Trainee: 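Below is the structure I would like to discuss, written out as structure tokens.
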2 protein chains.
Amino acid sequence: MRSSVSIRDVAVRAGVSVGTVSNVLNHPDRVAQATRARVLSAISDLGFVRNESARQLRAGTARAIGLVVLDVANPFFTDVARGVEDVASQAGHAVILCNSDESAQREIRHLELLAEQRVHGVLITPSDPSLEPIRRLQRRGVSVVLLDHPSSEPDICSVAVDNRTGGELAVTHLLAEGHQAIVMVNGPAHIRQGRERHLGALDALRKANRDSDLLEVIEVPMLNVAAGLRAGERLLARTSRPTAVFCANDMLALGVLQVMVRAGVRVPDDLAIVGYDDIDFAAAAAVPLTSVRQPRQLIGRTAAELVIAETMSPDEHEHQRVVFTPELVVRESSRRRRRTRRPARRVPAPAGSEV
Amino acid sequence: MRSSVSIRDVAVRAGVSVGTVSNVLNHPDRVAQATRARVLSAISDLGFVRNESARQLRAGTARAIGLVVLDVANPFFTDVARGVEDVASQAGHAVILCNSDESAQREIRHLELLAEQRVHGVLITPSDPSLEPIRRLQRRGVSVVLLDHPSSEPDICSVAVDNRTGGELAVTHLLAEGHQAIVMVNGPAHIRQGRERHLGALDALRKANRDSDLLEVIEVPMLNVAAGLRAGERLLARTSRPTAVFCANDMLALGVLQVMVRAGVRVPDDLAIVGYDDIDFAAAAAVPLTSVRQPRQLIGRTAAELVIAETMSPDEHEHQRVVFTPELVVRESSRRRRRTRRPARRVPAPAGSEV
DNA sequence: CAATGCCGTTGAAACGTTCCATCACAGGGA
DNA sequence: TCCCTGTGATGGAACGTTTCAACGGCATTG
């Protein structure tokens, strides 16, 4: 319990005024060497810890930034978070990590909370397509940077990766491998990333002069492994199966892959799979997963730098729209021509495996 | 910018005193229906958001609990975090998530920060074996619960899984599969979990009347995939290789597995691998990974409940030491007798595969 | 010697809440 | 008529900081 010790107690013990103690804490150069030493020893004697809420109340703003992501369990976001954290802690800011679970309602609650905390800025992957709660926050003077979501309007910073190009890369690759029936396993329609990746997939078809019917979409409610498993089971239960699946992220792809491997469906021979994000686990999957790589940490770093820059000088700040370009990483899960990975392996080539 | 609107502005607009506005916020029953309505509409007109630091300053404590983990990028911890978050948000608390990266120094910095924030309680997986920084926090009246770390002393709550039993389960299983040379890939010595899993492994040897030389230890600096990759390469470079590897967690195991698969080492025939934690990705690995399962979310939930209970009634609180029992999940990565998972597969059985 | 400038320190105001003792008022019972 | 009670509203104190104008003392300068 020890009713917590305040700056006043320290002042009494050191025989100085509270103002001086505060100066020792915040402007050590303003106070004489001897006094400073006295105050510091009083601080350590009493075990004084500055009360951040009081500091904040006076200062008007917290030394923290909020980070709202769709799902912390997704390694993509933890990597982004790592980038954010690096930059933020460099600048002396704490990071408050929130999970919206792709729910607009939870997003609103978290933003409310961050507003009450008077955070400096917020980095957010929006769940609510209207961006309305975010606007409200902005109107209150909080700098906001959209994460993994390009801004359509010019009055807000954003850091994103070109999802449309990513989707196009993935499907162009599958077409080049000769696939004629592709299913895209996508998240809920209000998740913009998925919508854009889908548009990119359609671009790929168009550019290859293929009919857009070639691509069918299966929508799942969440972007995690469990949803991937269910999608895989749905695919398995069908009478006519596609020859390739493009998943909106790696978690879904790993789920689908797991179902296929268990059911004895050969990947990629019977079914090719392409994921998105290239999380670390993609390379270690049952069949190493082809995926679209995004510069995860860099996204986080850039976003954090933007938000900090904006809070430093809100007036001359120019809103930026940073877009990174994704990159296709081809691995075994989508290679028609199978590499003889394991020396002992001598499997009769399935029909149609010649490219 | 809109210099933020305070409770006072609301009061003026609604034609009441600040006390009344505060009552509307905190004790709505105390204020008459009509007044309440007037105040509420003033609040929404002005877009008032309560200043949490002011509230906190007055109340003396934040509505938040801190969660310090070794590595957010480890799915084990994100699952634990999910459990914590569920319980905490139920109780109206925010969760401040910190990453110690297994570094005692970062741990200290984070605890310092949490102390400044006057959090209600802290859940922590300690990096610093001395627990000294944690003691300091306790002395200041913050409730602490050790996470994934049994407490040796009776004056602190802890929630853990019996690591020693887990280690024993893993190695007993490997011995039963006939392995004669086992390597344990372990994290740094100051990480208690790893030390205990190692002790359990030795228990298994003893109970089977085997010589303890049978188990060799490779120590790596971190418990992540990258470290696992390096460990795998070290193993690969050796002239005499073990027949089985037990990794201190799944991230390491996935790293080792990836190296082996790439190098054409057959798993489990040439090298069996057992991991620890049974993260979701373990089942989806190149060769589905045998692992020791821990009740991840439950650990988080229990710890959060304990810390909240302790902060509610610090005096009559009985410190508890909760220990869960782990469970071995056997998958293909350690099964001597290979199941014919893929119909096409007909691999000549390697010598000694008959159990 | 007076004026000036600098350094280190002080004391009080302010930040936005919550809490609490107090008060105004209306209605009911004696 | 007076007193009592209960309901709602009020005003100010308190929480622990930071900031800032003011001040005293000392050295320097004219």
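In what follows, chains are A, B, ... by sequence order, proteins preceding strands, each numbered from 1. Please read all numbers here as calculations on a predicted model, not as lab measurements.
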Trainee: For Ser103(A) and Asp101(A), does a side-chain donor sit closer than 3.5 Å to a side-chain acceptor?
Mentor: no

Trainee: Between Ser158(A) (side chain) and Ser151(A) (backbone), is there a donor-acceptor pair under 3.5 Å?
Mentor: yes

Trainee: So do Asp155(A) and Arg135(A) actually touch side chain to side chain, heavy atoms under 4.5 Å?
Mentor: yes

Trainee: Using heavy atoms and a sub-4.0 Å distance, could you list which residues of residues 44-64 of chain B are near DNA chain D? By number, please.
Mentor: Leu57(B), Arg58(B)

Trainee: How long is the gap from CG on Leu147(B) to OG1 on Thr125(B), to the nearest 0.5 Å?
Mentor: 4.0 Å

Trainee: Name the residue closer to the 5' end of DNA chain D, choosing between Arg38(B) and Arg118(B) according to the nucleotide with the nearest heavy atom.
Mentor: Arg38(B)

Trainee: Within the 4.5 Å heavy-atom criterion, are Asp71(A) and Arg82(B) side-chain neighbours or not?
Mentor: yes

Trainee: So which of Val12(B), Val21(B), Thr20(B) actually passes side chain to side chain contact (heavy atoms under 4.5 Å, CB included) with Ile7(B)?
Mentor: Val21(B)

Trainee: Show the nearest heavy-atom pair for residues Val142(B) and His120(B), with the distance to one decimal.
Mentor: CG1-O, 3.9 Å

Trainee: Using a 4.0 Å cut-off to any heavy atom of chain B, which nucleotides of DNA chain C are the first and last in contact, reading 5' to 3'?
Mentor: dG16(C) to dC19(C)

Trainee: Could you list by number each residue of residues 18-37 of chain A showing a heavy-atom separation from DNA chain D of less than 4.0 Å, or answer none if no residue does?
Mentor: Gly19(A), Ser22(A), Asn26(A), His27(A)

Trainee: Do Leu123(B) and Val68(B) come close enough that some side-chain heavy atom pair is under 4.5 Å?
Mentor: no

Trainee: Please give, in whole Å, the distance from dG16(D) C1' to Gln117(B) CD?
Mentor: 15 Å

